[in-house]
Amino acid sequence: MYEYQKSGRYFAQVADDIKDIAEAELLELGAEETSHSYRGIYFNAGPESLYRINLHSRLINRVLAPLKTFDCHSDNYLYQVGQQIHWEDFLNQEQTLAVFASVTQSNINHSKFAALRLKDAIVDYFRERDGKRPSIDTRTPDLWLNVYIEKNVATISVDTSGGSLHRRGYRMETTQAPMSETLAASIIRYAEWDGQTPLYDPFCGSGTLLCEAYLAATKTPSAHRRSKFGFERLPDFDAVLWAKIKKAAFNKIQPVSKNLIQGSDIDSKVVATAQKNSAVIDPTTQIKITQKDIFEIERIEDTTIVCNPPYGIRMQQKKDLGDFYKNLGDFLKQRCTNSTAFIYFGDRKYIKHIGLKSSNKWILSNGELDGRLVKYVMY
Ligand SMILES: C[S@@+](CC[C@H](N)C(=O)[O-])C[C@H]1O[C@@H](n2cnc3c(N)ncnc32)[C@H](O)[C@@H]1O
């Protein structure tokens, strides 16, 4: 029996800033006995909840199922243990695999080297057994494996998601400073948007916030476009149960009214990208995206406003955006009566320029950016 089978315990990788809402999401999807750890959350689940979490979670990156945890002081020992696992339980020689690793405070001090040693162990295991070996594919392998070594304790896990869940499959094209899908989903979640109040993003860029809002409002599983999941490679994978969960989830998808979700951007090229991306999940074009300078919009009233205005760091603009943010604050005050705005600041020095009293604030990093999400209620 493998470790995850004995304990029923898994590890969800998630950004540290959003662990509170990710934990709530995990519990809603059937996880139990959650506990926070560095960059993730441990939880207990049966197969049904495991499949459901992978299909629906909007906030976590992947779920790892541990196969074996052991003291590991050398790469040779990692290789030896790697050869003791019955890899034919997970894949055959015709299939492909990839190994990802991260190491910290350990004798093996290079992640890539740890991954390479485990990969060698698996390949040699098959070669010695059958004279034939599976191939490596780091983009779309059949089996995604993870090795994590901390203070010389190693855990070998199967990535049950089969690659990061932030890849929803709607990003056909990208723009200069797109927001990650999980960050956008966390903004929709912090906004506690009810899926009924009109939602508008006046700086929509590639349309990530609009797409995540649409998935939430329609109750579309975030991984609905994923053709294979890592848990399908587990020896106890239950195909009948998985088909049942998928069917139940797809039956719950509901339409949204036209114009419920709208966005605009000053840049027409970016608007075309957002339209292309959103058409992937919204073929009947319920999301309305137009080209507009925010300051030409007459009013956005009785609406949930979510946005991520330009912030200059990634875009390498030397220009100071203080006046821009002051004008944005005036716009909100004067033209957005009865709306609530959730503004994501990639550079928090601009918060003070808005000139509005915030009613809540969250620390939310975006890659290496130490960003903030700020809530403003306009009366
Ligand atoms: C940080 S990006 C938004 C990224 C977006 N959240 C995404 O996921 O792709 C900021 C966007 O604001 C737009 N923008 C800049 N000035 C604007 C203005 N005055 N009115 C409307 N959009 C503007 C830019 O074209 C850019 O696409």
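Remember, it's 1-based here, ligands and their atoms both numbered in the order they're listed.
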### Query
Thinking salt bridges, do R233 and D142 make one under a 4.0 Å N-O criterion?
no
### Message
Does any part of the side chain of H73, heavy atoms only, come nearer than 4.5 Å to the side chain of N107, both counted from C-beta?
### Response
yes
### Message
For the backbone of L64 and the side chain of Q13, can you confirm whether one donor and one acceptor N or O come within less than 3.5 Å of each other?
### Response
no
### ligand 1-proximal atoms of P202, by part, heavy-atom distance under 4.0 Å
backbone
### Task
Considering the heavy atoms of Y311, write down every atom of ligand 1 situated less than 4.0 Å from one of them.
1 (C)
### Query
Any donor-acceptor pair under 3.5 Å linking the side chain of R335 with the backbone of F295?
yes
### Contact with ligand 1 for Q176, non-hydrogen, under 4.0 angstrom
no
### ligand 1 to M179 polar contact by distance, N or O atoms, under 3.5 Å
yes
#### Entry: Candidates R167, R168, R58, R171 - the one meeting salt bridge (charged side-chain N to carboxylate O under 4.0 Å, His left out) with E181
R171
### Query
Measuring from the heavy atoms of Y344, does anything fall under 4.0 Å of ligand 1?
no
### Query
Under 4.0 Å from any heavy atom of T208, which atoms of ligand 1 are there?
7 (C), 8 (O), 9 (O)
### Message
Donor-acceptor check, side chain of H224 to backbone of P221, threshold 3.5 angstrom: yes or no?
### Response
yes
### Message
I'd like to know if A184 contacts ligand 1, where contact means a heavy-atom distance under 4.0 Å to any ligand atom.
### Response
no
### Message
Distance under 4.0 Å to a non-hydrogen atom of G205: what atoms of ligand 1 satisfy this?
### Response
5 (C), 9 (O), 27 (O)
### Task
Please work out whether any backbone atom (N, CA, C, O) or any side-chain heavy atom from C-beta onward of T175 is under 4.0 Å from ligand 1, and answer side chain, backbone, both or neither.
side chain
### Query
Any N or O of I294 that comes nearer than 3.5 Å to an N or O of ligand 1?
yes
### Task
Please determine if D323 and K326 form a salt bridge, counting it only when a charged side-chain N lies under 4.0 Å from a carboxylate O.
no
### Task
Mark up the atoms of ligand 1 that fall under 4.0 Å of a heavy atom belonging to D293, in ascending order.
18 (C), 19 (N), 20 (N)
